[in-house]
Amino acid sequence: MAAAVAAATTAEDEARLLRLEEQAEHGGGGAWEYLCLARRLRARRPAHVLRVGLALLNNASARSGLASEQWTLYEQVAMAAMDCQRLDVAKDCIGVLSKQFPGSTRVARLEALLFEAKGEWSEAERAYALILENNPFDQIVHKRKIAIAKAQGDMSIVVDYLNKYLELFMADHDAWRELAETYVSLQMYKQAAFCYEELILAQPTIPLYHIAYAEVLYTMGGLENLQTAKKYYASTIQLTGGKNTRALFGVCLCTSAINQLTKGRNREEEGSELQSLAAEVLLKNYKQQAPSKVPLISSMLKNMKLS
């Protein structure tokens, strides 16, 4: 019930944002309300924010009417300008903020982001290093360092930075997932499996982690890994009410691979029932949603000796 209410509220806010956006861009007022709502929703609409925000900043009376909130507007416009590669506008906004708040860490982050937007990676890294000297636990700056390494394609440094980040912020599930996906891209599957184990321990009801872990184990191969992968494909099916096609395929593929390794010996009745049900649901889903593919799926399941 709470989730449904939250979803409805979000939908209403997004509809209101679009109405205010159109109104503000056509001179109908509501510009500041639009910008505040965009910030609250964290809506990434840089071109619109830049146009509406610049119009406010260039209007002296409107800008002064915002009082201290004008500095928030300068920051918002600077971020939008960098997204739109209007680096001249971003530089001007950051310059104003730097004069108003000398020595501010928040402004220092903006200056480092401007270096990033220019592709001046070394300068950005130096700027972030200076911030970390004063505050080693600045989570945003640590994430920006990871982003810089990723932008340069140096995945070994990405791994190093992510591991150091997780030593400080172990509860950041997004970082664990990022590290897992990075390990997969480097074909470091054992390390990726460890990351997904941590995620499943922390959030055991999220199907995405179960299926990702199963796929890593399936890729690694070997009887024990395949048997464990099959269990996690099965848990994904359970958590999604049987609606995850990848997990259904996963059960079938694991069963086939296990049978090949064991030559069909020691089949468990429960496992046989699971694979039969998975194959049955797959066929049913394809008959309903993609009937033209049914012969292909039937042939595949027959080759795996599951139908």
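Since the structure is predicted, the reported quantities are computational estimates derived from the model, not experimental observations. Atoms considered below: every heavy atom in the structure, side chains included; atoms not considered: hydrogens, waters and symmetry mates.
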Is [Y] reachable from [X] through a run of hydrophobic residues whose side-chain heavy atoms are each under 4.5 Å from the next?
{"X": "I94", "Y": "I140", "value": "no"}
{"X": "F249", "Y": "V251", "value": "yes"}
{"X": "W121", "Y": "Y161", "value": "no"}
{"X": "I258", "Y": "V216", "value": "no"}
{"X": "L41", "Y": "L50", "value": "yes"}

Just wondering, are more than 12 heavy atoms of other shown residues or ligands nearer than 6.0 Å to [atom1] in [X]?
{"X": "K118", "atom1": "NZ", "answer": "yes"}
{"X": "Q288", "atom1": "CD", "answer": "yes"}
{"X": "E22", "atom1": "CD", "answer": "no"}
{"X": "Q238", "atom1": "CD", "answer": "no"}

Query - Presence of salt bridge, K284 and E280, under 4.0 angstrom - result: no
**Report entry** NZ/NE/NH1/NH2 to OD/OE distance under 4.0 Å, D172 and K143
**Finding:** yes
State, yes or no, whether a side-chain contact exists between [X] and [Y] at a heavy-atom distance under 4.5 Å.
{"X": "L132", "Y": "K145", "value": "yes"}
{"X": "R109", "Y": "I131", "value": "yes"}
{"X": "Y196", "Y": "L199", "value": "yes"}
{"X": "R246", "Y": "E215", "value": "yes"}
{"X": "R126", "Y": "E123", "value": "yes"}
{"X": "T105", "Y": "N135", "value": "no"}
{"X": "V49", "Y": "R39", "value": "no"}
{"X": "L226", "Y": "L217", "value": "no"}

Any donor-acceptor pair under 3.5 Å from [X] side chain to [Y] backbone:
{"X": "S185", "Y": "T182", "answer": "yes"}
{"X": "S299", "Y": "P295", "answer": "no"}
{"X": "S298", "Y": "V294", "answer": "yes"}
{"X": "Q203", "Y": "I200", "answer": "no"}
{"X": "N59", "Y": "A55", "answer": "no"}
{"X": "H142", "Y": "P136", "answer": "yes"}

Least distance between heavy atoms, [X] atom then [Y] atom:
{"X": "A202", "Y": "H173", "value": "CB-NE2, 3.5 Å"}
{"X": "L114", "Y": "A90", "value": "CD1-CB, 4.1 Å"}
{"X": "C254", "Y": "A229", "value": "SG-CB, 3.8 Å"}
{"X": "G53", "Y": "L35", "value": "CA-CD1, 4.0 Å"}
{"X": "L261", "Y": "G222", "value": "CD1-C, 4.1 Å"}
{"X": "C195", "Y": "A180", "value": "CB-CB, 3.6 Å"}

Query raised in the report: For residues Y218 and N225, is any side-chain donor paired with an opposing acceptor at under 3.5 Å?
Result: no
Query - Side-chain donor-acceptor contact under 3.5 Å, Y128 with E116 - result: yes
For the [atom1] atom of [X] and the [atom2] atom of [Y], what is their distance to the nearest 0.5 Å?
{"X": "S98", "Y": "E111", "atom1": "OG", "atom2": "CD", "result": "5.0 Å"}
{"X": "L277", "Y": "Q275", "atom1": "CG", "atom2": "CD", "result": "9.5 Å"}
{"X": "K91", "Y": "L110", "atom1": "NZ", "atom2": "CG", "result": "15.0 Å"}
{"X": "I237", "Y": "Y233", "atom1": "CD1", "atom2": "OH", "result": "10.0 Å"}
{"X": "I146", "Y": "E178", "atom1": "CD1", "atom2": "CD", "result": "7.5 Å"}
{"X": "D83", "Y": "R44", "atom1": "CG", "atom2": "CZ", "result": "4.0 Å"}

**Report entry** side-chain contact (heavy atoms from CB on, under 4.5 Å) assessment of Y165 paired with Q139
**Finding:** CA-CA 8 Å; Y165 173 86; Q139 196 168 6; 2.7 Å; yes
Report task. Determine, step by step, whether F101 and W71 satisfy the side-chain contact (heavy atoms from CB on, under 4.5 Å) criterion, reporting the C-alpha distance in whole Å, the side-chain angles of both residues, the deciding distance to 0.1 Å, and the verdict. Result -> CA-CA 10 Å; F101 305 102; W71 312 119; 3.7 Å; yes
Report task. For the pair R16 and E33, evaluate salt bridge (Lys or Arg N to Asp or Glu O under 4.0 Å) and give the outcome as yes or no after the intermediate values. Result -> CA-CA 10 Å; R16 182 163 158 253; E33 188 182 358; 2.6 Å; yes
**Report entry** side-chain contact (heavy atoms from CB on, under 4.5 Å) assessment of R45 paired with Y34
**Finding:** CA-CA 11 Å; R45 301 183 66 79; Y34 164 70; 4.1 Å; yes
Requested in this report: Give a yes/no verdict on a cation-pi contact between K293 and Y286, requiring under 6.0 Å between NZ or CZ and the six-membered ring centre and an angle within 45° of the axis.
Outcome: no
Query raised in the report: Would a line drawn from the ring center of Y232 to the ring center of Y213 be shorter than 6.0 Å?
Result: yes
Report task. Please lay out, stage by stage, how L57 and C93 fare under the test side-chain contact (heavy atoms from CB on, under 4.5 Å). Result -> CA-CA 10 Å; L57 288 179; C93 290; 4.2 Å; yes
